[in-house]
Engineer: 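First, the structure itself, so that you have it in front of you.
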2 protein chains.
Amino acid sequence: MRAYTCGLDAAADVIGGKWKPRILWALHHGPMRFGELRREITGVTEKMLIQQLRELESRDIVHREVFHQVPPKVEYSLTALGQSLNEALIPLDTWGSDHLTELEASRVR
Amino acid sequence: MRAYTCGLDAAADVIGGKWKPRILWALHHGPMRFGELRREITGVTEKMLIQQLRELESRDIVHREVFHQVPPKVEYSLTALGQSLNEALIPLDTWGSDHLTELEASRVR
DNA sequence: GCGCATACTTACCTTTCCGTCAGTACCTGA
DNA sequence: TCAGGTACTGACGGAAAGGTAAGTATGCGC
């Protein structure tokens with residue numbers, strides 16, 4: 001296994017995954033419950049959402065807090081590392097928004 | 001086909017691909033020939049490099065210029081859009097560099 | 001005329017990713 | 001007692017992404 005060749009490479013590895021950008025974006029406004037995330041991120045299945053959340057958790061990007069209640073309650077939030085990542089993503093989001101039309105146009109599939 | 005849900009989503013779609021971040025990074029310093037890129041981006045195969053370059057070209061991120069010589073010469077460079085993308089990627093690269101150790105540690109596979 | 005360098009192209013195969021769907025466990029209220 | 005809400009878990013399969021290896025065209029120098 002090679003080491004990352006640059007910071008961008010490492011960052012891309014962390015946010016790589018179909019739903020990760022949207023998860024990060026959703027958590028920007030504060031902690032959210034699992035069900036809230038599922039409703040917010042339209043199109044995602046429970047399995048995928050959990051899988052991506054677990055990956056982000058193992059990278060110390062999101063924090064998972066279980067409240068032992070009935071019905072169960074689990075909250076997901078950004079860690080300090082996750083927040084710093086989100087800040088670094090702002091310019092990228094801005095870029096995407098600025099060029100949304102062209103990007104939609106050159107899209108494939 | 002759904003539209004992008006946010007700018008970040010669109011941007012992730014553009015830079016998504018195993019070698020795209022490294023291509024973008026390599027081109028930051030100016031135009032490069034195909035062979036130069038292949039040597040710079042260690043581990044990439046010719047097929048993958050071409051494929052990813054074509055995708056970036058179709059998105060108007062890189063420009064491809066053919067010099068009709070023998071042996072053939074083809075130069076790849078960033079378009080204006082590509083340069084603005086690269087600027088937006090700088091904070092992300094910085095973030096990755098800043099946390100390289102932790103990211104390497106939590107890496108899988 | 002032979003090897004070399006350039007920049008590809010193609011067929012084929014493996015691996016990884018993602019989606020569908022069914023099932024688990026717990027307590028609540030009707 | 002039975003559906004409903006919560007947060008998961010796991011088997012299975014198809015699609016997409018990526019890798020391997022071989023082949024193409026061109027002209028140069030020897």
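Values below: every heavy atom of this structure, side chains too, minus hydrogens, waters and symmetry copies. Protein chains get the first letters and strands the later ones, always in sequence-line order, with residue 1 at the start of each.
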Engineer: Measure the distance from CZ on B:Phe34 to P on C:dC8 and round it to the nearest whole Å.
Structural biologist: 6 Å
Engineer: Do B:Phe34 and B:Leu53 touch side chain to side chain, with heavy atoms closer than 4.5 Å?
Structural biologist: yes
Engineer: Check for a donor-acceptor pair, side chain of B:Arg59 on one end and backbone N or O of A:Leu103 on the other, with a separation under 3.5 Å.
Structural biologist: yes
Engineer: Tell me the interatomic distance from B:Leu37, atom CG, to C:dC8, atom C1', rounded to whole angstroms.
Structural biologist: 14 Å
Engineer: Could you tell me how far apart B:Gln51 (CD) and C:dT9 (C1') are, to the nearest whole angstrom?
Structural biologist: 12 Å
Engineer: Should B:Trp19 be listed as having a side-chain N or O under 4.0 Å from OP1 or OP2 of D:dG19?
Structural biologist: yes
Engineer: Measure from the side-chain heavy atoms of B:Gln52 and tell me the nearest of C:dC8, D:dG18, D:dA7.
Structural biologist: D:dG18
Engineer: Remember a base hit wins even if backbone is also touched, and classify B:Phe67 as base, sugar-phosphate or nothing at under 4.0 Å, heavy atoms.
Structural biologist: nothing
Engineer: Could you pull out all residues at least two apart from B:Glu87 that satisfy side chain to side chain donor-acceptor pair (under 3.5 Å)?
Structural biologist: none
Engineer: If I take atom CG in residue A:Leu49 and atom P in nucleotide D:dT6, what distance separates them, rounded to the nearest angstrom?
Structural biologist: 14 Å
Engineer: How many Å lie between CE on A:Met32 and C1' on D:dT6, as a whole number?
Structural biologist: 16 Å
Engineer: Please say yes or no: joined through hydrophobic side-chain contacts below 4.5 Å, possibly via intermediate residues, are A:Val66 and A:Ile50 part of one cluster?
Structural biologist: yes
Engineer: Evaluate the side-chain proximity of B:Leu56 to B:Lys20: yes if any heavy-atom separation is below 4.5 Å, no if none is.
Structural biologist: yes
Engineer: Specify the separation, in whole Å, of atom CD1 of B:Ile50 and atom P of D:dG19.
Structural biologist: 14 Å
Engineer: Between B:Gly16 and A:Arg39, who's closer to the 5' end of DNA chain D by nearest nucleotide?
Structural biologist: A:Arg39
Engineer: Parallel, tilted or perpendicular, judged at 30° and 60°: which one describes the rings of B:Trp25 and B:His28?
Structural biologist: parallel
Engineer: What's the closest nucleotide to the side chain of A:Arg33 if the choices are C:dG19, D:dA7, D:dG19?
Structural biologist: D:dA7
Engineer: Could you check how far CG of B:Leu53 sits from P of C:dC8, rounded to whole Å?
Structural biologist: 8 Å
Engineer: Summarise protein proximity over nucleotides 20-30 of chain D in one line of letters, 5' to 3': B for base, S for sugar-phosphate only, - for none, counting protein heavy atoms closer than 4.0 Å.
Structural biologist: B------S---
Engineer: Apply the side chain to side chain contact (heavy atoms under 4.5 Å, CB included) test between A:Tyr76 and each candidate in A:Leu49, A:Leu37, A:Ile23; give the one that qualifies.
Structural biologist: A:Leu37
Engineer: When you get a sec, tell me which of C:dG19, D:dT9, C:dT9 is the closest nucleotide to the side chain of B:Arg54?
Structural biologist: C:dT9
Engineer: To the nearest Å, give me how far apart CD (A:Gln69) and C1' (D:dT6) are.
Structural biologist: 10 Å
